[in-house]
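Numbered from 1 within each chain, the chains take letters A, B, ... in sequence-line order. Keep in mind the model is a prediction, meaning the values are calculated, not measured.
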Number of protein chains: 2
Amino acid sequence: MAKPELSIGEVLQILQAEFTDVTISKIRFLEAEGLVTPARTASGYRKFSAGDVERLRYVLTAQRDQYLPLKVIKEHLGAIDRGLRPAAGGPPIAPSTPASGPAADDFGATGTDLRLTRAELCAAAGVSTTLLAELESHGLIVAEGKHYGGDAIVVAQVAAELATYGIEPRHLRPFRTAADREVGLIEQVTGPRRTDQTQQLAALTVRLHTALVRSRLPR
Amino acid sequence: MAKPELSIGEVLQILQAEFTDVTISKIRFLEAEGLVTPARTASGYRKFSAGDVERLRYVLTAQRDQYLPLKVIKEHLGAIDRGLRPAAGGPPIAPSTPASGPAADDFGATGTDLRLTRAELCAAAGVSTTLLAELESHGLIVAEGKHYGGDAIVVAQVAAELATYGIEPRHLRPFRTAADREVGLIEQVTGPRRTDQTQQLAALTVRLHTALVRSRLPR
DNA sequence: GCCGGACCTCAACCGCTGATCGAGGGTTGG
DNA sequence: CCAACCCTCGATCAGCGGTTGAGGTCCGGC
């Protein structure tokens with residue numbers, strides 16, 4: 001399987017879906033600080049592997065959710081590289097951030113209208129094309145034309161992680177149904193165009209959903 | 001019970017045993033930042049109670065061991081003051097885990113152990129008892145015995161806000177169903193007890209749900 | 001009643017972290 | 001060939017977490 005290496009701009013697009021405040025210069029800065037070391041083309045362009053993107057995600061998560069200074073994050077990464085399990089409470093090594101933070105309610109600004117090809121999506125999410133196909137067959141990921149949006153990355157990542165618990169794409173169909181119904185309700189109020197109201201409502205319903213799940217979790 | 005109130009110099013002595021880098025000016029600075037508020041004598045001298053010293057110890061520990069910014073520590077202290085149980089996982093009495101407050105998607109730590117009466121819940125969420133009753137009749141809020149958990153506040157608040165868009169509790173039943181199914185799926189994997197895994201999985205499924213909703217929202 | 005040490009306030013300053021900016025210039029793809 | 005993208009490197013910056021010092025007050029002992 002060819003591993004499409006991404007340019008810094010593409011990496012930016014991918015990460016901005018999840019971290020609104022990442023910039024090109026920040027990514028370069030993080031390299032200068034030794035937190036990632038992307039490959040280079042002959043002409044000096046950075047080329048990021050899926051692993052590099054993963055690493056950046058780890059850094060940004062640790063910064064945002066645990067307020068760790070870069071120095072400490074770097075140590076953690078070093079420990080991981082040496083094969084040690086990092087300190088407990090650290091962000092999962094695989095992407096399973098409890099998408100928290102002020103960003104949680106942020107339905108507007110996020111999701112730069114990313115347009116990924118199939119291969120880019122697989123690379124960005126670190127999943128096989130097989131899994132992607134399965135997710136599509138259950139309607140969990142839908143292409144618009146030949147491209148996928150930024151949310152597809154999150155869906156794919158989460159699905160991959162759930163798979164490690166034995167939860168397969170087919171078990172996730174109800175999520176699709178629930179999401180469709182939720183969006184349907186919103187559209188009944190705001191009409192079929194995306195507006196500020198659409199986003200506000202979506203933020204609210206998602207908040208509701210989250211609180212309900214939490215309240216029903218075993219004590 | 002004599003309450004020996006300490007001068008700033010005495011406090012310094014005490015704390016320096018444990019935190020070598022504490023200074024008088026640092027203690028004063030922490031007061032200026034609102035992290036402690038020692039009493040004052042008539043002439044303006046600071047007088048620290050045992051509780052104040054405890055508080056300082058908490059601040060210094062959180063800084064040293066968890067790298068938390070003062071702003072966040074202050075929030076935690078505020079939460080403790082308001083009677084919320086702080087998170088588990090930190091040293092002595094220290095909290096840990098991502099910030100509470102606005103950053104509310106954390107499944108491990110948030111103030112779920114809250115036990116509110118009906119009246120307290122209505123007051124905290126700013127809703128009428130009528131709305132609460134309606135939410136209960138649709139199973140969106142469920143009391144455990146005579147008390148409600150912290151998530152009920154969120155549910156009530158969101159429901160109230162949705163009502164301003166014309167969305168009424170009865171329209172929200174599907175959310176309850178979806179949440180129940182979601183929790184059911186999680187319990188199939190982890191069993192009926194709450195574990196770390198339960199929380200991780202919940203974080204994942206909620207993330208999935210959010211991404212799905214977003215991806216289906218009108219462009 | 002006076003002296004020294006502990007304490008007070010307030011404004012200025014400081015060093016570090018975590019970036020951002022811009023000038024000046026090369027690379028790539030249509 | 002040109003626009004969009006990428007490169008480096010040095011300057012600059014903003015905020016955090018304090019420190020410093022000037023100028024003055026308070027308190028206990030002699």
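- Rounded to whole Å, the distance from CG on B:L12 to P on C:dC8 is 12 Å.
- With a heavy-atom cut-off of 4.0 Å to chain A, the contacted part of DNA chain D has its first and last nucleotide at D:dC5 to D:dT8.
- Residue B:K47 contributes atom NZ, which lies 10 Å from atom C1' of C:dC7 at whole-angstrom precision.
- Distance CD1 (A:I73) to C1' (C:dT17): 12 Å, rounded to an integer number of Å.
- Ion pair B:R46/B:E31 flagged as a salt bridge, since at least one NZ, NE, NH1 or NH2 atom sits closer than 4.0 Å to an Asp/Glu carboxylate oxygen.
- Within residues 38-45 of chain B, the residues approaching DNA chain C are B:R40, B:G44, B:Y45, by heavy-atom distance under 4.0 Å.
- Nearest approach of A:A152 to A:I141, heavy atoms of both residues: O-CD1, 3.7 Å.
- Residues A:L70 and A:V59 form a side-chain contact, since some pair of their non-hydrogen atoms from C-beta on lies under 4.5 Å apart.
- Rounding to whole angstrom units, CD of residue A:E10 and C1' of C:dG29 are separated by 13 Å.
- Under the 3.5 Å distance criterion, with hydrogens and angles disregarded, no donor-acceptor pair is assigned to the side chains of A:Q188 and B:Y165.
- Put simply, CZ on A:R55 and OG on A:S49 are 9.5 Å apart, with the number rounded to the nearest 0.5 Å.
- The shortest non-hydrogen separation linking B:P69 to A:Y67 is CD-CB, 3.6 Å.
- Between C:dA19 and A:Q63, a contact under 4.0 Å exists linking OP1 or OP2 to a side-chain N or O.
- The interatomic distance linking A:E33 (CD) with C:dA19 (P) rounds to 9 Å, in whole Å.
- Defined by atom type and a distance below 3.5 Å, a donor-acceptor pair is present between the side-chain atoms of A:Y148 and A:R118.
- The separation between A:F29 atom CZ and C:dC21 atom C1' is 14 Å, rounded to whole Å.
- One finds a salt bridge joining A:R57 and A:E18 here, because a Lys/Arg side-chain nitrogen approaches an Asp/Glu carboxylate oxygen to under 4.0 Å.
- Between A:R28 atom CZ and C:dT20 atom P the separation is 11 Å, expressed in whole Å.
- Following rounding to the nearest Å, B:R46 (CZ) and C:dC8 (C1') show an atom-to-atom distance of 7 Å.
- Rounding to the nearest 0.5 Å places OG1 of B:T210 at 10.0 Å from CG of A:D151.
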